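As structure tokens, the structure follows; a few thoughts come after it.
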Amino acid sequence: MKELNTIWMNGKLVPWKDATIHVLSHVVHYGSSFFEGIRSYNTEKGPAVLALTEHMERLTHSTRIYRTESPYSVAELCTAAIDTIKSNGLKGCYIRPVIYRGFGELGVNPLTCPIDTMIAVWEWGAYLGEDSLKNGVDVQVSSWTRITSNTLPGLSKAGGGYLNAQLAKIDSVQNGYADAIMLDNNQMVSEGSGANLFFVKNGVIYTPGMGSSILVGITRNIVMRIAEDLGYKVEETTIPRGFIYTADEIFYTGTAIEVTPIRSVDKVKIGTGSFPVTMKIQEKFFDIIHKGNDPYKLLTFF
Ligand SMILES: Cc1ncc(COP(=O)(O)O)c(C=O)c1O
């Protein structure tokens with residue numbers, strides 16, 4: 001990662017190299033962090049952050065589940081993110097806010113530790129490579145089960161939960177795949193290691209709902225609106241494993257992965273190997289993030 005100028009920490013922009021924490025911080029030992037992944041794009045109409053408020057709202061909801069109230073309001077977090085981008089002279093970039101339990105007492109109980117906040121930005125291209133957006137990726141169904149409601153609630157984007165995602169990711173990469181599809185504790189389709197899933201079958205679009213242990217993705221919400229505006233019926237439903245192999249198209253959505261087709265699962269080719277519906281949706285999504293055409297008012301220009 002290329003070193004930049006500053007990182008925002010607890011209300012101040014500090015030099016990149018000084019943005020450090022104590023090794024006895026609670027987060028280092030017990031995974032007590034809550035984060036977001038947000039993207040800014042250098043659109044044809046100027047630089048803009050996609051769904052900034054929605055992401056900061058989700059961040060404050062993630063913390064609330066773990067009784068870690070955000071010290072900053074959603075509006076303050078949005079302003080801080082823009083200040084951090086500007087201070088680093090970037091236009092298109094990735095934005096990573098984290099709220100975490102810092103240095104205080106050390107034991108499982110986080111409530112005695114301070115709540116710290118940081119926002120970093122860095123330059124970032126296509127998550128799985130430019131080719132993946134056009135030609136799709138090959139994935140496997142993971143042997144690891146996705147975290148579930150009453151163990152690690154998936155609705156909180158909590159650092160500790162990503163140990164589960166790491167198991168799935170490591171396994172898939174070591175097996176030669178780009179990523180994994182994770183099943184929930186009822187063996188129903190949940191999501192990727194860091195992305196939501198959509199299935200196209202006979203012109204209808206299906207996606208697992210909140211009850212399938214998903215993180216309710218912000219790109220997922222945008223894509224559902226795009227798909228409906230294109231005239232597709234979108235159904236949130238439980239999806240059994242077998243449906244994967246019989247779908248006409250499958251695609252991932254996420255801030256990092258954007259709208260990426262899946263061309264095979266467990267070495268089974270999906271549909272005919274082309275992704276017309278996925279590409280129509282991807283094109284509309286790219287209209288927003290690249291051209292700055294924003295019918296849903298999702299861009300914050302700066
Ligand atoms: C586990 C998980 N699911 C889904 C998503 C997609 O969410 P979003 O579209 O808000 O980036 C992400 C990425 O943040 C994720 O980490």
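Just so we're clear, the structure is a prediction, and the values are computed from it rather than from any experiment. One-based numbering, in listed order, for ligands and for the atoms of each.
Residue contacts with ligand 1 leave out E54, since none of its heavy atoms falls under 4.0 Å from the ligand.
Between V216 and ligand 1, no N or O atom pair is found at a separation short of 3.5 Å. In terms of polar-atom proximity, R146 is not counted as a contact of ligand 1, lacking any N or O under 3.5 Å from an N or O of the ligand. The shortest N or O to N or O distance between T219 and ligand 1 is below 3.5 Å. Residue T253 places no N or O, backbone or side chain, under 3.5 Å from any N or O of ligand 1.
Considering only heavy atoms from C-beta on, T68 comes within 4.5 Å of F34 through its side chain.
Among all protein heavy atoms, the one lying closest to atom 6 (C) of ligand 1 is N196 OD1, 3.6 Å. The nearest heavy-atom contact from the protein to atom 11 (O) of ligand 1 is T255 OG1, 2.6 Å. Atom 5 (C) of ligand 1 has G194 O, 3.6 Å as its closest protein atom, hydrogens excluded (heavy atom only).
Of all atoms in ligand 1, listed by their number and element, those nearer than 4.0 Å to a heavy atom of G254 are 6 (C), 9 (O), 11 (O). Remark: ligand 1 atoms within the under-4.0 Å shell around heavy atoms of G217 are 7 (O), 8 (P), 9 (O), 10 (O). Close approach to E191 involves these atoms of ligand 1, each under 4.0 Å from a residue heavy atom: 1 (C), 2 (C), 3 (N), 4 (C). Of all atoms in ligand 1, listed by their number and element, those nearer than 4.0 Å to a heavy atom of K157 are 13 (C), 14 (O), 15 (C), 16 (O).
With salt bridges taken as basic N to acidic carboxylate O contacts below 4.0 Å, none links R220 and E191. A salt bridge does not link E235 with K201: none of the charged nitrogens is closer than 4.0 Å to a carboxylate oxygen. In this structure, R96 does not pair ionically with E36, as no charged nitrogen and carboxylate oxygen lie closer than 4.0 Å. For K12 and D18, the salt-bridge test fails: no basic side-chain N is under 4.0 Å from an acidic carboxylate O.
Relative to atom 15 (C) of ligand 1, the option among F35, Y252, Y162 with the closest non-hydrogen atom is Y162.
For the residue pair A178 and K169, the shortest heavy atom distance occurs at O-NZ, 2.9 Å.
Around NZ of K284, the count of heavy atoms belonging to other residues, nucleotides or ligands within 6.0 Å does not exceed 12.
With a heavy-atom cut-off of 4.0 Å, A195 touches ligand 1 through its backbone alone.
The ring of F198 has its center closer than 6.0 angstrom to the ring center of F251.
With no hydrogens or angles considered, a side-chain donor-acceptor pair links T148 and N185 at under 3.5 Å.
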